[in-house]
Amino acid sequence: MAYNICACPNSYVSLAHKITKLRNNFKLFSSAPPPPPPSLFSSNPRSFSRKASILTHAGAQSDVATSQFEVPPPNSSTKHTESPFSGLEAMMTGYILGKKKSTEVAHAVWKNVVRKGDLVIDATCGNGYDTLAMLKLIADDTRRGRVYAMDLQKDALESTSSLLDRSVSTHERELVELYAMCHTKMEELVSKGDTVRLVAFNLGYLPGGDKKIKTESETTLLALEAAKRIVAPGGLISVLAYIGHSGGREEFEKVQSFAAELPIDNWVCCKLQMLNRPSAPVLVLLSRK
């Protein structure tokens with residue numbers, strides 16, 4: 001209805017009355033407590049009351065309303081969907097920010113590939129830290145998993161053995177087999193029908209050892225060919241290439257060329273490399289589909 005104030009002497013009274021009535025109605029509407037929100041955890045019968053102060057539009061006072069929210073019990077086993085790359089996001093962020101090493105990134109990637117009971121190969125066991133990381137990934141009560149770790153240097157095998165003896169139980173230690181052999185012969189260790197989930201290379205020389213004794217491009221390529229033949233679909237070849245020593249950059253370039261030539265129908269290949277740190281190691285990952 002329209003009101004013509006000039007047409008009727010009672011218009012001011014009528015209009016004032018209507019405005020007052022509308023204002024009161026609006027105040028009553030705005031100060032009424034809202035309906036309780038839908039349950040956040042409808043599967044749980046438990047609930048608790050939470051008091052919430054709700055300000056009216058006029059702001060003159062606050063009304064107290066009681067709402068019902070259902071919550072899980074303290075020891076509820078509510079499931080949360082985990083990322084298929086659990087933990088890797090934080091590790092990658094740390095690497096990008098210069099707070100994590102490429103070896104740590106490699107281990108985080110392995111964790112999302114290797115399963116309990118798997119067969120994995122440490123092609124260059126060195127001081128044993130990669131071997132130990134692999135053992136933690138495959139060991140379980142079934143004791144089916146195995147780590148085949150190899151190195152040409154006696155010092156490396158002794159160092160790895162000592163680390164394992166200090167770090168794991170006797171039962172876990174039995175899941176690691178150490179071999180004094182060249183990684184080009186890794187296929188000799190794998191029986192027909194075995195599934196190899198991971199083959200890892202840590203190139204260069206033995207930390208704390210003779211720097212003149214190091215991996216070479218020719219044998220590394222042969223070992224990569226062997227790894228390509230035995231790693232199972234869904235498996236991974238992980239190569240950490242150190243380019244700061246003599247021959248290291250050449251070896252890395254050979255590894256990179258090898259990866260670039262793998263067929264895209266069967267392999268996904270990538271590398272992680274620091275651009276403004278020319279001597280930093282490069283992580284090369286070859287994932288078989």
Side-chain angles (χ1 to χ4, degrees), residues 81-96 100-126 129-139 145-150 183-184 186-187 189-190 193-204 215 217 219-243 251-275 280-289:
T81 303
E82 289 190 357
S83 164
F85 302 105
S86 178
L88 189 55
E89 299 94 334
M91 188 63 67
M92 284 300 302
T93 300
Y95 176 81
I96 292 170
K100 294 294 182 180
K101 298 179 180 179
S102 50
T103 51
E104 295 175 287
V105 177
H107 290 180
V109 174
W110 301 352
K111 183 179 179 180
N112 289 277
V113 174
V114 178
R115 307 167 188 170
K116 298 295 184 183
D118 274 344
L119 169 60
V120 296
I121 296 177
D122 187 351
T124 51
C125 66
Y129 294 105
D130 285 349
T131 305
L132 177 60
M134 291 180 177
L135 175 59
K136 293 297 184 181
L137 296 177
I138 61 97
R146 287 292 183 274
V147 180
Y148 295 160
M150 62 195 70
H183 49 206
T184 60
M186 69 177 72
E187 284 177 285
L189 303 177
V190 181
D194 284 346
T195 299
V196 179
R197 189 74 59 186
L198 169 67
V199 180
F201 296 80
N202 199 320
L203 304 179
T215 56
S217 299
T219 52
T220 295
L221 284 178
L222 292 174
L224 285 172
E225 288 287 353
K228 182 182 71 172
R229 290 190 290 268
I230 63 175
V231 72
L236 181 74
I237 300 174
S238 173
V239 184
L240 192 59
Y242 292 84
I243 57 181
E251 187 175 31
F252 160 66
E253 290 174 352
K254 293 287 186 181
V255 171
Q256 184 172 242
S257 297
F258 172 86
E261 293 174 1
L262 290 175
I264 61 174
D265 291 338
N266 301 321
W267 294 88
V268 177
C269 305
C270 67
K271 66 176 179 179
L272 275 69
Q273 183 176 22
M274 291 290 184
L275 299 179
V282 183
L283 178 61
V284 182
L285 299 169
L286 318 176
S287 175
R288 184 174 179 185
K289 294 183 180 179

Gap between atom OG1 of T195 and atom CD1 of I230 - 0.5 Å precision: 11.0 Å
Does some side-chain heavy atom of V284 sit less than 4.5 Å from a side-chain heavy atom of F201? no
Does K228 pair with E225 as a salt bridge, N-O distance under 4.0 Å? yes
Residues L240, S102; criterion side-chain contact (heavy atoms from CB on, under 4.5 Å); working and verdict: CA-CA 8 Å; L240 192 59; S102 50; 3.5 Å; yes
Check L88 against A108 and note the closest heavy-atom contact, atom names and distance. CD1-CB, 3.7 Å
Can you tell me how far apart CD1 (I121) and CE (M186) are? Round to the nearest 0.5 Å. 5.5 Å
Do the non-hydrogen side-chain atoms of F252 and L203 ever get within less than 4.5 Å of each other? no
Does the side-chain contact (heavy atoms from CB on, under 4.5 Å) test come out yes or no for M150 and L189, once each step is laid out? CA-CA 10 Å; M150 62 195 70; L189 303 177; 3.5 Å; yes
Has K116 got a side-chain atom pairing as donor or acceptor with I138's backbone, closer than 3.5 angstrom? no
Whether over 12 other heavy atoms sit under 6.0 Å from Y95 OH: yes
Straight-line distance of C125 SG to N202 CG, nearest 0.5 Å: 10.5 Å
Measure across V113 and D118 and return the closest heavy-atom pair with its distance rounded to 0.1 Å. O-OD2, 4.4 Å
Between W267 and L286, the two heavy atoms sitting closest are CZ3-O, 3.7 Å
List the steps, then state whether side-chain contact (heavy atoms from CB on, under 4.5 Å) holds for L272 with M92. CA-CA 10 Å; L272 275 69; M92 284 300 302; 3.7 Å; yes
Is there side-chain contact between H183 and V199, with heavy atoms separated by less than 4.5 Å? no
Compare every heavy atom of L119 with every heavy atom of Y148, then report the nearest pair and how far apart it is. CE1-CD1, 3.5 Å
Donor-acceptor pair, K289 side chain versus I264 backbone, under 3.5 Å? yes
Return the CG to NZ distance between L221 and K254, rounded to the nearest 0.5 Å. 6.5 Å
Is it the case that over 12 heavy atoms from other parts of the model lie below 6.0 angstrom from the CZ atom of R115? no
What heavy-atom pair brings T103 and Y242 nearest, and what distance separates the two atoms? CG2-OH, 4.0 Å
Atom CG in L283, atom NZ in K101: separation rounded to 0.5 Å? 14.5 Å
Show your working on side-chain contact (heavy atoms from CB on, under 4.5 Å) between V239 and T220 and close with a plain yes or no. CA-CA 10 Å; V239 184; T220 295; 5.7 Å; no
Considering only heavy atoms from C-beta outward, does the side chain of T124 approach that of T215 to under 4.5 Å? yes
Rounded to the nearest 0.5 Å, how far apart are CG of D130 and NE2 of H107? 4.0 Å
Closest approach of M134 and L198, non-hydrogen atoms and distance? CE-CD2, 3.9 Å
